Amino acid sequence: MKLGLFSDSHYSSAHLTCGCRYNSKSLEKMMEAYRMFGDTGCDLVLCLGDLTDTEASYAQECDNLRACAAVMDDSPIPTLCLMGNHDAFVFTEDAFYKMLGQKHRPHPVSADGVTLLFLDACHFSDGTHYGPGHSDWTNTCYPHTDALRTQLSAADTPVYVFMHQNLDPAIPENHRLSNDALIRRIFEESGVVHGVISGHYHPGKDSVVNGIRYLTLPALCEGETADAVRIVELG
Ligand SMILES: [Fe+2]
């Protein structure tokens with residue numbers, strides 16, 4: 001299975017935010033990314049969150065997300081998106097996935113002898129989910145640890161995990177889940193998790209910890225498209 005990956009487009013009408021995010025250029029970069037995914041024969045595109053950024057009005061924020069969805073719809077390659085902390089600050093989960101033409105957050109995908117598992121870590125450390133106007137990028141966790149253990153114990157193929165936020169211990173702590181050590185241990189003990197792919201930490205990172213690869217995508221809004229996207233073949 002060949003996957004096209006990108007994250008952190010932060011698309012909005014702003015030319016530049018935070019000194020390094022070229023928000024308004026992201027739609028064009030997304031189109032460029034899909035051309036690369038098409039040219040290389042990707043079977044599936046995964047967007048790992050923070051598709052959009054805040055605007056002066058909710059109507060504009062909806063228009064921006066629909067514009068991202070239109071780019072995805074223009075491609076014959078199917079796309080699955082995960083919500084990031086910026087998306088959760090603006091949209092309810094229901095509104096976010098509906099505007100992208102998905103009914104819900106992505107369910108696991110099994111094909112070509114591998115399983116893709118999608119985790120939503122847009123939760124505060126007390127387990128409550130972020131909501132519009134209520135999120136904190138430095139306070140994130142994945143609370144469903146028992147269900148995760150059960151799910152991994154039933155896996156009979158290598159598993160690749162996709163999430164917005166970070167588990168790589170080489171990434172600054174404020175970007176990582178508050179229960180990152182526990183989640184890494186669950187992955188290690190399962191014996192089936194081969195890789196974890198994230199966004200969120202905009203410079204990107206690529207580490208191997210106790211035999212599991214932690215790949216963090218550089219943000220699409222900051223650099224050149226070719227430097228931000230990844231094309232990986234699994235299985
Ligand atoms: Fe981001």
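For the numbers below, each heavy atom of this structure counts, side chains included, while hydrogens, waters and symmetry mates do not. For ligands, and for the atoms within them, numbers begin at 1 and follow the listed sequence. The structure presented is a predicted model; accordingly, all values stated were derived computationally and were not measured.
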The Fe ion (ligand 1) - number of protein N/O/S atoms closer than 2.8 Å
4
Contacts under 3.5 angstrom, residues 44-51 side chains, donor-acceptor by atom type, not counting sequence neighbours:
unit_1: Asp50; atom_1: OD1; unit_2: Asn85; atom_2: N; d: 3.1
unit_1: Asp50; atom_1: OD1; unit_2: His86; atom_2: N; d: 2.8
unit_1: Asp50; atom_1: OD2; unit_2: His10; atom_2: NE2; d: 3.3
unit_1: Asp50; atom_1: OD2; unit_2: His164; atom_2: NE2; d: 3.3

Evaluate whether atom CD of Glu28 has more than 12 neighbouring non-hydrogen atoms of other residues, nucleotides or ligands under 6.0 angstrom away.
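12 or below, so no.
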Above 12 or not: heavy atoms from other molecules or residues under 6.0 Å from CD of Glu188?
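Atom CD in Glu188 is crowded, with more than 12 foreign heavy atoms closer than 6.0 Å.
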For Arg149, enumerate each residue passing the salt bridge (charged side-chain N to carboxylate O under 4.0 Å, His left out) test, keeping only those at least two apart in sequence or located in another chain.
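Residues passing salt bridge (charged side-chain N to carboxylate O under 4.0 Å, His left out) with Arg149: Asp146.
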Mind checking what makes salt bridge (charged side-chain N to carboxylate O under 4.0 Å, His left out) contact with Asp227, not counting sequence neighbours?
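Listed in chain order: nothing, the list is empty.
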Arg230 and Pro218, any side-chain heavy atoms less than 4.5 Å apart
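The answer is yes, as the side chains (C-beta and beyond) meet within the 4.5 Å cut-off.
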